[in-house]
Amino acid sequence: MKRVLYVCADGARWMRFNKGELVDALEESVSFDKPIPYKPSHAINSISNDVHLLVDCEQTEIDIHPLLQLGASWRNQSNNSALKNKLASQFPDAIVRSAPKKTLLNAVFVQHINIPPAIRRWLAHVERSAITVCSISTVDEVVAERWGSIEDSLVITASSKFLRHTFCQSGHAVFTRAVGLAHETNFVSELTQTLAHLKSTGLIQQAVQAYFVGVPDRLVSDFPSIELISHSTVVPIESDTTEIFLAQQLLSAKFLQTNSRYRHVSHMLQKFLQRRARKKQIGHRVLFGVLVVLSLGFTALNEWQRVNEHREFTARKTELRMAIAMNQEEAVELSPQAAVMSGALLEKISIESAQGISPAILLTILGDVFTQYRKLELQELSWAVSSLEPSSSDAAANQTIVNLAGSIFLGESLRDQQQVFNEFTTYLEKFSELSHLVVLQTPLMQFNGSSSIDPSELIGNPKFRLQFNLNRYLGNET
Amino acid sequence: MRLKQFSVIAFSIGLVSLPLWSLRDGHSEQWARDVRELKTQRLHSARALDILKDHSVVIESVGNRPASVESLTLSLIENIKLSAINLEAKITQLSVVESEEVGKNTLIVEFNAVVNRAIDLLALFDAIREVADWRPMQVRRCTLVRETEAARLRAVCTIQVYYFLGIDS
């Protein structure tokens, strides 16, 4: 539901529209008794008090302050600020609207209406009933936006008392003139006069479109062709009055949404703007507040996590230090030189893990072998531990390289001696500690390949030499 | 107006930079390293304690019979000679020398002996073991040669006995 308040010197008309259709209308006088507060009717007093104000003027006002004085020259390339200042001094209560792109229009347009004091007082009186306006528009603006946006046009509107000639360019009213209805017989000549003035000021150079809004049929039915009017259009009014029709046009006007931006605000509009600004401000403040809360919350969370982490680490470190101190205390109770002693014992374990095979085991193995093969005599035995690096596994320690030299006391053939030797080496290889058995000399090797025999060697006691590795396993220590 | 603008800008910068500052690299890594080091120390201390508990006999021996390198050297020589006499073995050469190998302190015992049987050689090793006590001992190399005429064995051996500074002062 949208509300429009139409005011002029005659009075005020409240109008309610629903989807562009008039629902109800109420006429009021703008005079009031001061002591009595304004009582809005039930039609006005609803949940939302935002009202669109549509201001019209009397003929006398137009005659006094036309948009462009009849006979005055039109000055182009006006300076925006200078013109505003001039108008502000000439019309201190003017509603000023300037074109957003003055280069298109070659000038700054001013649509000024001085709200008469009586109407102003009445509006203030109404405002005390908590009714506020959300936009202020003039009839000239509505006319210009509706029929003067696309092309230059001359709009002739009719009210109950006078006809208004409004020349529009690019959606702005540039010139307006009021002609009393008493002169309606001179309708065409007055119109021609208006066009001549516009041409003389240079505002129009060629014929323009003409619109007749609310003009009685009797005036337009046999409208003659005029040189500076290219085409005329009669706009039908379905509403009872021109004011209602203009109010409907206002509600569909595109500029309505941004109307308040260009206004020197009245006290009524100011309340609406303040409320809107307050809402925006509240919105901004809420958003800002949320950002502050999020920022501080995020920071606080991270810092809290950091503090917790530190606390946990400190507790853990204390726990570990206490455990270390307890161990050290207990160790000192066992030995006053606990640190040195434990180090020495660790080293001892490391050394012992890397040692070669025990001589006792070595001799036991050899004793077993030579007991099995008594025909072989051991004459030289040597062993050496290969390295003393600590072993990394329990499987094997350092190797012991063993060299054996002996002779075979066997009176049989060389073949039998070799066979016995082979059996001996085979038996030796069965020991798991033994590896890399290398036969350096066998009974057969005593011959140098010729039929001659080394006289220093007795064929009956051939020598043998062996080399092998013995590995120590921790499991075989027993 | 300028002051207000400046305040707004400063506040906005603060609002953005505060959360970013809270994401700074803290001391977490350092703390984690400290905890890891302490855990390692604890393991070491626990291990040292276990070793001391497992070697109480050694601790007692060290406490009751403190030794020095010189006393070890003399004891080795004396014991080898005594053992040789008991075994009716002949020691033709005997030396005990301090040595350091791969960061370990050792006494190198070298002897040339003539023994009746191989088992007598083991008895000589046992004599060295008796002096070494808990200290590690290693027969580094040994050569046994049978003397056919005398029916005896000539032994040339090198034995390492490890000692520990701080205990064997």
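Note on naming: letters A, B, ... go to the chains in the order of the sequence lines (proteins, then strands), and numbering restarts at 1 for each one.
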Inset, instruction - Under 4.5 Å, counting heavy-atom pairs only, tell me which of B:S56, B:A32, B:G14, B:G63 racks up the most with chain A. - result: B:A32
Legend entry - Heavy atoms from other residues, nucleotides or ligands near NZ of A:K317 exceed 12 (cutoff 6.0 Å): yes
Inset, instruction - Kindly state whether the ring of B:F164 and the ring of B:W134 have centres lying under 6.0 angstrom apart. - result: yes
Legend entry - Side chain, backbone, both or neither of B:V62 within contact of chain A (heavy atoms, under 4.5 Å): side chain
Legend entry - Nearest-0.5 Å distance, CZ of residue A:R321 to CZ of residue A:R316: 12.0 Å
Legend entry - Under 4.5 Å from a heavy atom of chain B, the part of A:A338 involved: both
Legend entry - A:Q337 versus chain B, the contacting section by heavy-atom distance below 4.5 Å: side chain
Inset, instruction - To the nearest 0.5 Å, tell me how far A:L363 CG sits from A:D368 CG. - result: 12.5 Å
Legend entry - Contacting region of A:I401 [heavy-atom separation from chain B under 4.5 Å]: neither
Inset, instruction - Below 4.5 Å from any heavy atom of chain B, which atoms of A:L381 appear? Answer side chain, backbone, both or neither. - result: both
Legend entry - chain A contact via B:L18 - side chain, backbone, both or neither, heavy atoms under 4.5 Å: both
Legend entry - Heavy-atom contact with chain A under 4.5 Å, split by part of B:R154: neither
Legend entry - Contact class of A:L301 relative to chain B, heavy atoms under 4.5 angstrom: neither
Legend entry - Max heavy-atom pair count under 4.5 Å with chain A, selected residue of B:R135, B:M137, B:H44: B:M137
Legend entry - Under 3.5 Å donor-acceptor, A:S353 side chain and A:S350 backbone: yes
Inset, instruction - Would you mind checking which part of B:T158 comes under 4.5 Å of any heavy atom in chain A, side chain (CB onward), backbone (N, CA, C, O), both or neither? - result: neither
Inset, instruction - Identify which part of A:E377 has an atom lying under 4.5 Å from any heavy atom of chain B, answering side chain, backbone, both or neither. - result: side chain
Legend entry - Proximity breakdown for B:R36 and chain A, heavy-atom pairs closer than 4.5 Å: neither
Inset, instruction - Against chain A, label B:F11 side chain, backbone, both or neither, depending on which of its atoms sit under 4.5 Å from a heavy atom there. - result: side chain
